[in-house]
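The structure appears below as structure tokens.
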Number of protein chains: 2
Amino acid sequence: MKKRTTIHDLAKQLSLDSSTVSRALRGSPLVKQKTKDIVNDLAIKLNYKPNRLASNLRSNKSNTIGVIVPRISRHFFSSAISGIEEEAYKKGYNILICQSQDKFKYESKNIDNLLHNRVDGLIISLSLETRDLSHFSELFESETPIVFFDRVPMNALEYRPIIKIVNDDEAISYNATTHLINQGCERIAYHSGPDSISIYNARLKGYYKALKKASIPILKNMIFYSNLMLKDGVDFARKILELKKLPDAIYSANDTTALSSMQYLKSQGIRIPQDIKMIGFSDEPASAMSDPTLTTVDQSGVEMGKVAVKKITDLIENREEMQLQSNQIITMNSTLIIRESSR
Amino acid sequence: MKKRTTIHDLAKQLSLDSSTVSRALRGSPLVKQKTKDIVNDLAIKLNYKPNRLASNLRSNKSNTIGVIVPRISRHFFSSAISGIEEEAYKKGYNILICQSQDKFKYESKNIDNLLHNRVDGLIISLSLETRDLSHFSELFESETPIVFFDRVPMNALEYRPIIKIVNDDEAISYNATTHLINQGCERIAYHSGPDSISIYNARLKGYYKALKKASIPILKNMIFYSNLMLKDGVDFARKILELKKLPDAIYSANDTTALSSMQYLKSQGIRIPQDIKMIGFSDEPASAMSDPTLTTVDQSGVEMGKVAVKKITDLIENREEMQLQSNQIITMNSTLIIRESSR
DNA sequence: CTGTTAGCGCATTCAG
DNA sequence: CTGAATGCGCTAACAG
């Protein structure tokens with residue numbers, strides 16, 4: 001590895017001090033324009049690249065935002081990361097991405113790793129297994145700004161007030177359910193994720209509310225909980241078919257299982273939406289696109305990611321009071337995409 | 001931000017020198033076990049976290065692998081990143097992810113940024129606009145190891161020998177085409193990406209080869225080129241419908257356009273696969289899953305990502321000769337998933 | 001406006 | 001086996 005040029009190399013050649021060069025390079029007003037010019041010219045000529053490692057060490061800022069998501073390859077998260085990257089790049093931050101694989105253990109390890117790397121802030125969506133924030137204690141102690149998004153802590157006040165960015169899950173779920181009811185559905189089977197996870201909790205609440213509003217009794221045997229793996233969608237569909245009477249509609253609080261349920265039902269000769277109407281949360285544009293029979297709730301990870309970065313850079317750069325008085329919640333709007341009505 | 005414990009804090013409390021502590025912490029054989037033990041104990045007690053920034057600066061290694069992909073949110077790339085993250089984490093590396101947005105300009109900027117950050121190596125899939133490697137010159141000069149994957153340079157020898165990891169696009173494309181031919185298809189319309197991109201070039205070659213092998217004439221008016229946006233799939237489908245005679249089959253070298261073409265054709269009353277058979281490259285499991293009429297070529301980004309990391313860490317840690325004598329190509333196997341035959 | 005001085009936290013000589 | 005000394009490249013007081 002060839003030795004790279006440093007500010008000292010520049011300084012020597014120009015008979016200046018390295019501190020002046022440093023200032024000039026960063027456009028300090030303490031340096032006169034002419035000096036800046038000659039420094040910059042030489043920098044370009046010698047192909048000088050500032051060494052971030054050194055400047056970070058010195059200024060005790062890593063210029064890096066840590067990001068933890070359950071799985072990078074899930075579409076909602078990869079779009080969130082895409083938005084995070086875009087916005088962070090704009091603001092001059094790097095991002096350090098980790099995946100928890102939806103495991104509490106990995107999430108802890110990730111936090112540890114980010115701590116080693118002295119990230120300036122953390123943007124995180126919690127794993128499916130996370131029930132408390134005990135593994136965040138060091139982050140809290142070091143006062144690292146944290147922004148939770150999508151899957152956020154449900155009762156964090158016991159630790160400290162926090163910032164959350166969420167989708168309007170309850171409201172949109174209410175709307176989606178109401179949409180089914182308006183089409184004459186009464187028996188609506190529901191496939192939920194773990195109730196300890198904010199989004200599934202909220203979606204279920206919206207469903208309950210809509211039924212209650214329409215004075216439709218809640219049938220507990222129509223509600224299933226799972227960890228939302230592909231096979232859970234199939235299991236759910238099987239259970240549906242075992243009911244004495246088919247439901248009017250199926251509502252899946254998750255996109256993967258919505259599709260696998262649908263596929264299984266179709267393979268069993270059920271016509272959708274003629275026999276059973278279906279609705280599903282969808283962050284997969286492809287799936288939504290390729291199956292126009294599915295009414296979907298679309299949520300944009302990209303936007304959420306951008307907002308998260310804006311928020312965290314505000315915190316990092318002290319444009320916002322770090323010591324929050326209470327939980328701060330930012331809510332993004334989802335869209336209900338109704339397809340079958342147009343056919 | 002509370003001050004964190006350093007090796008000096010440990011050293012002082014134990015009446016040792018910081019250098020000894022440094023060695024002990026990293027398990028140097030130069031330190032006796034007992035010393036290591038007491039150092040480690042105190043480190044845990046005081047919750048010591050090594051400052052990577054400092055150690056990186058000192059050792060002139062960032063412990064970071066740079067990754068550039070066109071778009072994080074495209075499924076093939078997010079799965080590749082997922083594999084990269086997993087493998088890099090295992091090996092103790094961080095990853096620094098950038099997206100080129102399929103633009104040459106951004107790709108250059110990304111490279112610059114990674115250079116600033118002194119990444120130890122780079123894993124990259126080229127943008128749609130990239131025709132040459134002129135923007136890599138500094139990386140080459142600094143002898144940063146580089147591994148190209150998926151969309152790789154087609155003629156890089158003018159710069160220097162390089163390492164590429166690719167899918168067996170030509171072979172699998174040959175197989176896919178042959179599969180259509182075996183089903184009696186002769187007029188097979190083809191939707192290609194830019195010919196300057198390795199994968200599209202290879203896929204088209206496989207298609208040509210299969211036709212030639214079966215002595216089927218190549219009809220140039222059945223071959224379309226585009227930049228593979230969603231709308232291009234629709235445009236392509238429109239052109240298909242304008243032909244005097246419908247083709248027997250449609251082959252899309254890209255997954256997004258395969259789906260949008262299919263959707264448009266279906267909306268026009270074309271039955272698939274009865275009227276027209278279809279085949280598409282697919283890295284979207286959801287799309288493949290939700291449309292069982294599409295024969296797909298599946299390629300695993302995860303595996304490719306892992307291999308890329310193995311390769312680059314070998315290079316970084318000098319387990320492999322840096323000065324390559326010639327291009328090195330690693331080929332991964334794709335899978336042809338045939339669905340319609342089973343119905 | 002510019003130079004001097006002094007580290008950031010760690011790793012690596014070189015002595016003992 | 002351990003300690004003392006040095007510096008990675010850059011920034012930030014403090015002087016001038």
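Scope of the values below: all heavy atoms of this structure, side chains included, with no hydrogens, waters or symmetry mates. Chain letters run A, B, ... following the sequence lines, proteins first and then strands; every chain starts at 1.
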Subject >> Which residue lies more 5' along DNA chain D, comparing B/Arg118 with B/Thr35 via nearest heavy atoms >> reply: B/Thr35
Original post:
So how far off straight is the helix from C/dC1-D/dG16 to C/dG16-D/dC1, going by the axes through five pairs at either end, to 10°?
Top reply: 40°
**OP:** Classify the side-chain pair A/Ser62/A/Arg118 by whether it contains a donor and acceptor separated by less than 3.5 Å.
**Re:** no
**OP:** Give the rounded distance in Å between these two atoms: CG of A/Asn56 and P of C/dC8.
**Re:** 16 Å
**OP:** Indicate whether any N or O donor in one side chain lies under 3.5 Å from an N or O acceptor in the other, for A/Ser196 and A/Arg131.
**Re:** yes
Subject >> Residue pairs passing the salt bridge (charged side-chain N to carboxylate O under 4.0 Å, His left out) test where at least one lies in residues 103-113 of chain A, sequence neighbours excluded >> reply: A/Asp112-B/Lys49
Original post:
A/Leu16 near the nucleic acid: base, sugar-phosphate alone, or nothing, with a heavy-atom cut-off under 4.0 Å?
Top reply: sugar-phosphate
Original post:
Which whole-number value in Å describes the distance from B/Lys36 NZ to D/dC1 P?
Top reply: 9 Å
Original post:
B/Asn60 has an atom CG; how far is it from atom C1' of D/dC10, in whole Å?
Top reply: 14 Å
Subject >> Between P of C/dC8 and CG of B/Asn51, the distance in whole Å >> reply: 12 Å
Subject >> Among C/dC10, D/dT11, D/dT2, the nucleotide that comes nearest once only the side chain of B/Tyr48 is considered >> reply: C/dC10
Original post:
Which is true for B/Ser15 with a 4.0 Å heavy-atom rule: it touches a base, it touches only sugar-phosphate, or it touches nothing?
Top reply: sugar-phosphate
**OP:** Could you verify whether a donor N or O on one side chain and an acceptor N or O on the other, from A/Asn94 and A/Thr64, lie under 3.5 Å apart?
**Re:** no
Original post:
Is there a donor-acceptor contact under 3.5 Å linking the side chains of A/Asp9 and A/Gln13?
Top reply: no
**OP:** Could you please name the option among C/dC8, C/dC10, C/dT2 that lies closest to any side-chain atom of A/Leu30?
**Re:** C/dT2
**OP:** Answer yes or no: is there a donor N or O on one side and an acceptor on the other, between the side chain of A/Asn51 and the main chain of A/Leu53, under 3.5 Å?
**Re:** yes
Original post:
In whole Å, what is the span from the NZ atom of A/Lys61 to the C1' atom of D/dC10?
Top reply: 15 Å
Original post:
Can you find a side-chain donor-acceptor pair between A/Ser127 and A/Thr130 that sits under 3.5 Å?
Top reply: yes
Original post:
Just checking, is any N or O donor in the side chain of A/Ser22 or A/Arg26 under 3.5 Å from an acceptor N or O on the other one?
Top reply: yes
**OP:** May I have the distance from B/Leu25 (atom CG) to C/dC10 (atom P), rounded to whole angstrom?
**Re:** 8 Å
Show me the protein contacts with nucleotides 12-16 of chain C, counting only N or O atoms at under 3.5 Å.
from	atom 1	to	atom 2	distance (Å)
C/dT12	OP2	B/Arg26	NH1	3.4
C/dT13	O4	B/Arg23	NH1	3.4

Original post:
Whole Å only: how far is the CG atom of B/Leu14 from the C1' atom of D/dT2?
Top reply: 14 Å
Original post:
Between B/Tyr89 and A/Tyr106, is the ring centre distance below 6.0 Å?
Top reply: no
Subject >> Whole-Å distance separating the NZ atom of B/Lys12 from the P atom of C/dG9 >> reply: 12 Å
